[in-house]
Each structure stands twice: as structure tokens, then as C-alpha cells.
Trainee: 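Take this structure first; my questions come after.
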Amino acid sequence: MIKALSYVVVHTPHLAEWLKMAGEHIGMQVEIVQPGECARLRVDEKVQRFVLQAVDGESSMVMGLEASDAAAFAQAREALQGAGYETRPGSGEEIALRGVADLFHFADPDGCRVEVALGLQDAATPFVPGRPLGGFRTGDMGLGHVAFITPHFEAMCHLYKEVLQFKVSDYTSVPFRVEFLHVNPRHHTLGIAYTGGPRTLYHLMLEYNDFDDLGRAHDLALENPESIGVTLGRHINDHVTSFYLKNPDGWMLELGWAARTIGPDWQVEELSGMSLWGHDRTWLPADKREHARQILKDLSKRGLRAPVVTTSQTAKVSQ
Ligand SMILES: [Fe+2]
């Protein structure tokens, strides 16, 4: 029904800072739509993967989920309506700005807008990264993954698993409940967490094709260590090597490399931690950081390791 996270729409009071980070640091291609008001960011051949819109108030992020085809688009709308969600068609202006064939939107159990889109146009020009790099891993795996905290955990899991037919990848209940869900070979497209706290957008993961491009993003982040919200590490479930960069709105972009893919033979697992090593969450209270360190030490004593599997590295060596 849903085949991928296709794009996101970010409403931000810090548009200029976002554009600088996106182009110079992460290496996305910036296309100004309306100076000071609106921009589109590219990471691949598609016309956009981020729509940035300036706002005066609080920042927010809208997920754009891509339906598999026209039948799936209609099926998703019917399923949502059948489950009691009110769906509204996108405006002509919204459809044009995103470069999709059609879209509708609804409010999730936290009241946050979610878009379901049909198609996403290729751009008329090749992708030109904001700094030299080997591109981002998207294709049939979509833009990346999103993780958020919700006070309506059961309703949110029902929405994505039962109504929109996402499949469980794995889950944990320690230190809090998280379910990781997939719709394509990307290990997870959504991470839904319950901490007892309010709705909080945690991060959006983008994956580089090349390890060296992640390393260079990390070098740039080290020029401003405060910008690193989670240090370099490797996740226990999708095996991605990554660090988390605070964006100008305070939530984070996880920049990663070599996440594993999963197939139809996937077995759902309960996780024994969040990371194999690293990933010190600099924003956590001291006792929780120490607890996380103990989990890593225990995993280390057990010798838990995972192979690095990547088919995305670009072969060309630039002089
Ligand atoms: Fe992540």
C-alpha cells in the first residue's frame, strides 16, 4: 500500500540556517523556490526530497508517504476513512510544489499532518550535491527513516500497522517502548516510541552511499561539537553506522552509512539494546547515559558483532 517515505515538508523559523546546513554540511542540493520563504532540497534524481517553508512560530515536519500505485493510493484513503481518519485532498499548489501526481493528507493520533502521495517526479537536471560526494542511498528504500515519540502509542501503532499495513521489524521495551516498522527493504521507515512524554520529533535518517562522505560530515560537525546530539556509533538493528546532527530547529538528522536491508524472510526480534557501540546521547541525563554505557559494555563482553554489508559504495576514486 505504502512503498516508502518519499519526502518531508519542514516548517521552520530558521530557513537560512537550514539551507546552509543542508547544502554545505550534509551535501544536499538547494533549490530556492521563493527567497526567504520556500526552498526545495534534493538528494537524488527526484525533484525534491525536502520542502522547506519559513514560518514565524514553532517548527514542524510533515511526512510524505508514497503509495505504491493509483490503486494503493485509493486503498490507503479508504482504509484511513474506514478507521475514522478524515482525509483531505492536497491543493493544486501543494501538489505542484512537491512535484507529485496527487496527494491527500490526514491528522495522525497526535494531530500531526501526514501526507500520502502518488508519484514523485524526476528533476529535469542531474543531482548536483552541495559538496562533492557519492550521493545518498534512496531508490526503492525511499528517503530514509523517521523516529518520533508519541503519547498515543497504541493508536499510532494501530494506524501504521493495521490501517497502512507497515510491518514490524523489531521492538524493545527497555529503556522505553519502541516499535520499528518497514514497508520496503530499508530495515525501518518508522520508529515509534513511547516514553511517557509529549509528541516529539526525534530524528530523520539520511544514508550516504560512501563511508568517506559520512566521515567528512562528521569532521564538519566536530568543528561545532555542540551540534552532535548522538555521537558516532552503530545501531544494533539496522546496523547503520551514524551520528546525529542537531538541525537549526533542535530535532536531529541521523547521518548514516551501510544500513542493512531486509527481505520477506525477516524474523521479528526483541532488541537487547539500541547500539552495538557508540551513540552516546549527549542530551540524556547523566544516569541514563551511564545506563546506556553499561548496556554497551555488556554487549561488548558478549562479543556481539554484525557484518558490514554494503552494495552502495561508489566505485570511482576521485583524484
Ligand atoms: Fe535512526
Side-chain angles (χ1 to χ4, degrees), residues 4-8 10 26 43 49-50 61 63 65 136-138 141-150 153 156-157 160 166-172 174-195 197 199-209 211 213-214 217-218 221 227-247 249-262 266 268-284 288 292 295-296 299 306 308-310 312:
L5 173 69
S6 184
Y7 61 86
V8 294
V10 175
I26 299 174
V43 306
R49 290 292 192 172
F50 287 65
M61 192 272 273
M63 290 189 291
L65 305 173
F136 294 87
R137 194 176 181 200
T138 54
M141 303 207 299
L143 173 60
H145 69 236
V146 168
F148 60 86
I149 296 161
T150 173
F153 185 76
M156 200 68 78
C157 288
Y160 284 104
F166 283 54
K167 302 281 179 261
V168 179
S169 305
D170 41 37
Y171 64 93
T172 184
V174 180
F176 44 78
R177 291 180 75 184
V178 190
E179 289 218 10
F180 295 93
L181 309 179
H182 65 270
V183 286
N184 59 43
R186 192 178 289 289
H187 173 278
H188 57 279
T189 287
L190 275 187
I192 302 174
Y194 178 78
T195 64
R199 166 75 173 218
T200 309
L201 177 55
Y202 181 37
H203 71 267
L204 166 66
M205 195 279 286
L206 299 172
E207 189 176 347
Y208 289 109
N209 284 328
F211 192 36
D213 294 331
L214 173 63
H218 192 248
S227 68
I228 299 177
V230 181
T231 63
L232 194 66
R234 192 162 183 229
H235 276 304
I236 204 166
N237 59 353
D238 65 0
H239 296 174
V240 75
T241 299
S242 64
F243 74 99
Y244 291 48
L245 179 70
K246 290 180 197 163
N247 70 43
D249 295 339
W251 53 279
M252 293 185 282
L253 295 171
E254 179 182 7
L255 301 177
W257 172 76
R260 70 165 156 178
T261 57
I262 63 174
W266 178 255
V268 176
E269 294 175 351
E270 180 167 6
L271 299 171
S272 52
M274 296 301 280
S275 303
L276 290 164
W277 52 267
H279 283 159
D280 183 19
R281 293 159 180 78
T282 60
W283 41 271
L284 274 179
K288 294 206 163 138
I295 293 173
L296 294 185
L299 292 172
V308 173
V309 178
T310 176
S312 65

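Side-chain atoms are counted along with the backbone in the values below, which use heavy atoms only and exclude waters and symmetry mates. Read the numbers this way: they start at 1 and go in the same order the structure lists the ligands and their atoms.
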Trainee: Verify, without hydrogens or angle tests, whether Arg177 (side chain) and Phe153 (backbone) share a donor-acceptor contact under 3.5 angstrom.
Mentor: no
Trainee: Is the side chain of Thr282 donor-acceptor paired with the backbone N or O of Ile228 at a distance under 3.5 Å, no angle test?
Mentor: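 Such a contact is found between Thr282 side chain and Ile228 backbone.
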Trainee: Restricting to N/O/S atoms, is His188 within less than 2.8 Å of the Fe ion (ligand 1) or not?
Mentor: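 Here the distance criterion (N, O or S atom, under 2.8 Å) is not met by His188, so no.
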Trainee: Closer than 3.5 angstrom, by distance alone: can the side chain of Thr189 be matched with the main-chain N or O of His145 as a donor-acceptor pair?
Mentor: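 No.
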Trainee: Answer yes or no as to whether an N/O/S atom of His203 is found below 2.8 Å from the Fe ion (ligand 1).
Mentor: yes
Trainee: What N/O/S atom of Glu254 is the closest to the Fe ion (ligand 1)?
Mentor: OE1
Trainee: How about Tyr208 and Phe136: are their ring centroids closer than 6.0 Å?
Mentor: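 Yes, the ring of Tyr208 comes within the 6.0 Å limit of the ring of Phe136, centre to centre.
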